[in-house]
Amino acid sequence: MEAQNFLGIHLSRDKATVVYLGIQGRERKVLDCFSVTVEEKDGQESPAATNLAELVAKTCAARKLKFSDITIALDCTLFSQHSVHTEFSNPKRIAATVRFDAEEVLAADISELAVAFRVISSDQNGSDLTVFTAQKKLLSDFLSALQAFNMDPVIIEPDVNSLARFAWHNASLGEGSQHFFCALSLRRAYFVIPKVSNKGRPEQFSEASALMRTFLIAPQQQTDELLAVEIPITLALLNDSASLDSIELLDADSPIDCQQLSSKLDMAVSKLDLAQSVEVTSENLAQCSSPVDFAIGYGAALASLERSETANFRNDFNPYQGKKLRIQKALKFLSVSVTVLLLAFGLYVQLQLFQKTKPLNRLRAKFAEDYSPVMLGEKPPTKIKDAVEKLRKQLRRIRAVKSGLLSISGEESVSAKMTLVLQAFNECAQQVDLNVNLITITQRAIRITGDTSNRKNTLKLFDSIKSNKLDIGQQRLDEKAGRDNFSITVVPK
């Protein structure tokens with residue numbers, strides 16, 4: 001199976017963490033990762049987003065990262081999360097009406113916001129949704145800046161979705177039990193509880209099968225105390241938390257005492273060994289701003305492998321057209337290549353044909369030089385067969401003129417006609433007792449009037465005429481005074 005490389009980007013307002021992931025079958029390997037930061041001035045979101053996208057693109061180019069798909073995980077500080085109920089259960093109907101439902105919940109103009117959603121549950125009464133909203137202009141500026149460097153993300157999703165995907169594939173989930181995954185960075189906290197049925201954990205991650213929650217942390221707040229309060233509140237959202245028996249922490253910097261927290265929550269608490277779970281080196285992790293940012297980027301890179309629909313901001317304001325454009329570009333290149341190939345093949349065939357017909361063309365030119373004088377300046381026909389037939393006719397004409405059968409103009413001469421008639425008479429005159437009364441000669445025919453002793457002899461005379469290359473045209477026969485009279489017109493054959 002051919003390996004594929006994917007890029008996951010965790011994007012915040014002034015920072016981006018990029019994870020370059022190589023995937024072959026079930027094997028996943030972190031090929032590279034890094035974080036970049038830009039300085040942001042107050043009220044200048046767009047320049048910061050543009051500069052950040054440019055910095056990401058140039059760093060990827062400098063590291064020679066080649067990838068098939070890009071997924072952006074949008075930081076929780078850049079979007080809002082809302083619970084919305086819709087009367088529809090069909091995903092297409094939900095997508096068509098979610099903006100109106102979200103506008104009612106927000107009680108604000110939603111035209112400047114990009115909307116993404118995921119379905120929590122559906123029944124005959126409709127669906128419960130988690131709706132995410134983000135500033136459309138910020139996303140458009142970052143997206144346009146990346147596209148300027150030939151980087152077109154397929155998905156822009158909330159970072160908590162990416163982290164849930166990371167937990168699903170890398171946290172130590174037990175078979176048939178629910179598992180609480182918690183990730184803490186300097187200013188953000190993420191709770192993910194994948195819902196596992198009695199049949200065990202399915203192979204494919206589904207956003208609908210996980211409870212997700214994110215919130216901000218104050219700089220001076222004690223994280224262990226915060227977790228001791230927020231975890232029970234989150235567990236209260238579950239219909240059944242009896243099977244939830246452990247909590248796994250991905251902690252960035254705060255030194256949380258797992259044993260003390262476990263005693264407060266009456267649950268087992270452990271820390272996730274990130275380097276061991278994803279097989280990433282400490283040198284690579286050192287290039288990222290925090291382990292949590294790395295985990296989110298890692299989960300984003302896995303998004304292209306999931307078949308289920310994800311909460312994608314791009315579907316709302318700028319649907320991904322990359323595959324369509326690549327197909328169109330490939331078809332255009334293919335059509336141009338085929339055209340060039342056909343032209344080259346045509347030129348090759350023409351050259352071969354020219355080489356084959358070159359001697360024939362020389363013969364045709366020489367033949368034309370000899371043909372024109374013989375045919376009195378006439379050009380030879382295109383087909384050699386027609387030219388040969390014309391030459392044969394001309395040869396027969398010359399021979400006829402030479403023998404006296406034709407005049408120079410091509411018509412039968414009078415003397416030639418008369419000679420043929422006299423030859424016919426001489427062959428049978430005595431036998432048929434021939435009397436010739438009148439012979440009229442014209443340019444076209446000879447009129448003969450006479451008689452024989454009987455009708456039988458007259459027919460013998462006609463046979464003699466025909467045997468001497470003459471045809472009998474008009475004829476008139478009658479008997480008078482014991483003689484068979486005839487009047488005929490003869491022409492050369």
Side-chain angles (χ1 to χ4, degrees), residues 3-23 29-41 44-75 77-79 114 134-159 161-162 280 283-290 292-305 310 312-315 317-330:
Q4 290 182 297
N5 299 332
F6 300 96
L7 204 67
I9 303 175
H10 177 216
L11 174 67
S12 63
R13 196 174 298 275
D14 59 351
K15 180 176 60 177
T17 298
V18 179
V19 177
Y20 182 48
L21 195 61
I23 299 176
K29 184 177 181 181
V30 178
L31 303 177
D32 200 356
C33 61
F34 61 89
S35 294
V36 292
T37 306
V38 296
E39 293 184 2
E40 181 189 10
K41 297 180 180 179
Q44 292 187 348
E45 293 182 354
S46 296
T50 302
N51 295 337
L52 191 59
E54 181 179 355
L55 190 57
V56 168
K58 288 184 176 180
T59 305
C60 289
R63 295 179 178 230
K64 299 180 180 180
L65 306 186
K66 303 295 182 180
F67 40 82
S68 55
D69 287 333
I70 306 173
T71 299
I72 293 178
L74 196 64
D75 188 76
T77 59
L78 300 179
F79 66 84
Q135 289 295 321
K136 187 185 299 183
K137 187 176 187 307
L138 178 65
L139 299 183
S140 298
D141 291 341
F142 189 80
L143 186 60
S144 299
L146 279 180
Q147 290 173 341
F149 291 91
N150 295 321
M151 297 179 67
D152 194 12
V154 178
I155 299 171
I156 301 178
E157 65 177 3
D159 59 352
N161 283 23
S162 300
V280 61
E283 290 79 7
N284 281 337
L285 278 178
Q287 300 180 65
C288 297
S289 56
S290 75
V292 176
D293 293 343
F294 170 85
I296 294 174
Y298 187 102
L302 293 173
S304 298
L305 299 178
T310 185
N312 189 357
F313 287 105
R314 285 206 65 174
N315 293 339
F317 74 97
N318 190 344
Y320 176 70
Q321 300 290 331
K323 292 182 179 178
K324 181 179 179 180
L325 294 176
R326 284 200 297 267
I327 292 174
Q328 291 177 348
K329 186 177 180 181

Compare all side-chain heavy atoms of R314 with those of D152 and state whether any distance is below 4.5 angstrom.
-> yes
Report yes if the side chains of Y320 and N312 come closer than 4.5 Å at any heavy-atom pair, otherwise no.
-> no
State whether the side chain of S162 and the backbone N or O of G299 hold a donor-acceptor pair below 3.5 Å, judged by distance alone.
-> no
Work out which heavy atom in L146 is nearest to a heavy atom in A53; give both atom names and the distance.
-> CD2-O, 3.8 Å
Minimum side-chain heavy-atom gap C288-F34 below 4.5 Å | no
To the nearest 0.5 Å, atom OH of Y20 lies from atom NZ of K66 at 8.5 Å
Please tell me if the side chains of I72 and E157 come closer than 4.5 Å, counting only heavy atoms from C-beta onward.
-> no
Gap between atom CD of Q287 and atom CZ of F294 - 0.5 Å precision = 11.0 Å
Pairwise side-chain contact, T71 with I9, heavy-atom cut-off 4.5 Å (strictly under) | no
Would you say the side chain of D159 lies within less than 4.5 Å of the side chain of L74, judging by non-hydrogen atoms?
-> no
Apply the test side chain to side chain contact (heavy atoms under 4.5 Å, CB included) to residues L7 and V18: give CA-CA distance (whole Å), side-chain angles for both, the deciding distance (0.1 Å), then the verdict.
-> CA-CA 7 Å; L7 204 67; V18 179; 3.5 Å; yes
Supply the atom-to-atom distance D69 CG to N5 CG, rounded to the nearest 0.5 angstrom.
-> 11.0 Å
From L143 CG over to F313 CZ, what is the distance, rounded to the nearest 0.5 angstrom?
-> 13.0 Å
Under a 4.5 Å cut-off applied to non-hydrogen side-chain atoms, are V38 and L55 in contact?
-> yes
Derivation of the side chain to side chain contact (heavy atoms under 4.5 Å, CB included) call for L21 and K29 = CA-CA 6 Å; L21 195 61; K29 184 177 181 181; 5.8 Å; no
Taking atom NE2 of H10 and atom OG1 of T17, what is their separation to the nearest 0.5 Å?
-> 7.0 Å
Might you work through the side chain to side chain contact (heavy atoms under 4.5 Å, CB included) test for F6 and L302, ending with a clear yes or no?
-> CA-CA 8 Å; F6 300 96; L302 293 173; over 6 Å; no
What distance separates D75 CG from I296 CD1, expressed to the nearest 0.5 Å?
-> 6.5 Å
Should the pair K15-D293 be classified as a salt bridge under the 4.0 Å nitrogen-to-oxygen rule?
-> yes
Check the pair Q135, F79 against side chain to side chain contact (heavy atoms under 4.5 Å, CB included), reporting the backbone distance first and the verdict last.
-> CA-CA 7 Å; Q135 289 295 321; F79 66 84; over 6 Å; no
Beyond-backbone contact of F149 with V56, side-chain heavy atoms, under 4.5 angstrom = no
